[in-house]
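Position 1 is the first residue of the sequence; numbering continues from there.
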Amino acid sequence: MEVKYARPEWNLQAGGILAIDDVSDWEVTLESGHAWLTLEGYSQDKWLCAGDRFRVPGEGRMLIEADHDSRIRLEPPPASAVQRFLTRVESGARRFARTVANATVYSAERISCGPAR
């Protein structure tokens with residue numbers, strides 16, 4: 001799962017505005033309240049009522065303005081098999097890099113198996 005935002009949930013008071021960039025294919029859920037959603041590059045805005053879900057169709061800025069006190073949740077798109085594989089490869093590469101960075105390197109002169117000649 002991609003972790004893009006430290007907080008996947010927001011509480012907005014009436015009149016509060018939340019601006020979020022680049023949430024393509026993320027799902028917005030209005031858990032409570034009533035809010036107005038505007039997407040950059042789209043001519044039609046959308047009203048969300050408690051319980052409504054909306055999948056963001058494109059990249060760009062999204063603005064949500066609460067009409068009443070509201071609770072909003074963002075969920076990332078489900079990962080594809082390729083994304084899961086790449087995440088595992090990246091994680092393994094980071095572990096390997098940490099191991100190499102923490103390794104002690106000895107030169108051939110410092111390693112001896114017997115008396116010096």
Side-chain angles (χ1 to χ4, degrees):
M1 176 172 130
E2 178 184 1
V3 177
K4 191 171 191 173
Y5 299 102
R7 286 179 34 187
E9 298 177 355
W10 285 270
N11 291 314
L12 292 179
Q13 294 180 346
I17 296 176
L18 176 65
I20 304 175
D21 292 323
D22 302 324
V23 287
S24 179
D25 286 334
W26 284 55
E27 188 169 83
V28 177
T29 302
L30 192 66
E31 293 182 342
S32 64
H34 195 237
W36 180 258
L37 186 136
T38 301
L39 295 170
E40 181 179 54
Y42 289 84
S43 61
Q44 293 184 347
D45 295 341
K46 184 161 186 64
W47 276 108
L48 297 176
C49 298
D52 285 350
R53 292 175 172 246
F54 178 76
R55 175 120 1 232
V56 179
E59 294 184 14
R61 179 168 280 235
M62 175 179 66
L63 297 174
I64 300 174
E65 182 177 357
D67 189 38
H68 301 293
D69 290 353
S70 301
R71 182 168 183 79
I72 296 143
R73 179 184 243 329
L74 276 180
E75 296 177 33
S80 68
V82 171
Q83 288 171 325
R84 287 191 304 269
F85 172 75
L86 292 175
T87 299
R88 277 190 231 122
V89 168
E90 180 182 10
S91 176
R94 286 183 182 164
R95 276 194 311 272
F96 177 74
R98 278 194 307 268
T99 301
V100 169
N102 293 330
T104 303
V105 178
Y106 292 101
S107 65
E109 291 106 26
R110 291 187 62 197
I111 301 174
S112 64
C113 294
R117 298 183 192 217

Between Asp67 and Trp47, is any pair of side-chain heavy atoms under 4.5 Å apart? yes
Heavy-atom pair with the smallest gap, counting every atom of Gln13 and Asp69: CA-OD1, 3.3 Å
Please round to the nearest 0.5 Å and tell me the distance separating atom CE of Met62 and atom CG of Asp21. 9.5 Å
OG1 of Thr38 to CG of Asp45, rounded to nearest 0.5 Å, is 3.5 Å
Would the distance check show the side chain of Arg53 and the main-chain N or O of Thr29 forming a donor-acceptor pair, the cut-off being under 3.5 Å? no
Work out which heavy atom in Pro57 is nearest to a heavy atom in Ser24; give both atom names and the distance. O-OG, 4.3 Å
Which residues pass the salt bridge (charged side-chain N to carboxylate O under 4.0 Å, His left out) test with Arg73, sequence neighbours left out? Glu9, Glu31
Can you list the residues that meet the side-chain contact (heavy atoms from CB on, under 4.5 Å) rule with Arg88, with sequence neighbours excluded? Arg84
Do you know which two heavy atoms are closest between Ser32 and Ala50, and how far apart they sit? CA-CB, 3.8 Å
Is the shortest heavy-atom distance from the side chain of Trp36 to the side chain of Leu63 under 4.5 Å? no
How are the rings of His68 and His34 set to each other: parallel, tilted or perpendicular (split at 30° and 60°)? tilted
Hydrophobic cluster membership, Tyr42 vs Leu48, 4.5 Å side-chain cutoff: yes
Measure the spacing between CD1 of Ile64 and CG of Leu30 and express it to the nearest 0.5 Å. 8.0 Å
Testing Asp25, Leu74, Val23 for side chain to side chain contact (heavy atoms under 4.5 Å, CB included) with Val56, which one passes? Val23
Looking at every heavy atom in both Gly33 and Ser70, which two are closest together, and how far apart are they? CA-OG, 3.5 Å
Judged by modelled atom types alone, do Arg95 and Ser91 share a side-chain donor-acceptor pair under 3.5 Å? yes
Looking at side-chain heavy atoms only, is the closest gap between Ile72 and Val28 below 4.5 Å? yes
Find the distance between NZ (Lys46) and CG (Leu39) and round it off to the nearest 0.5 Å. 10.0 Å
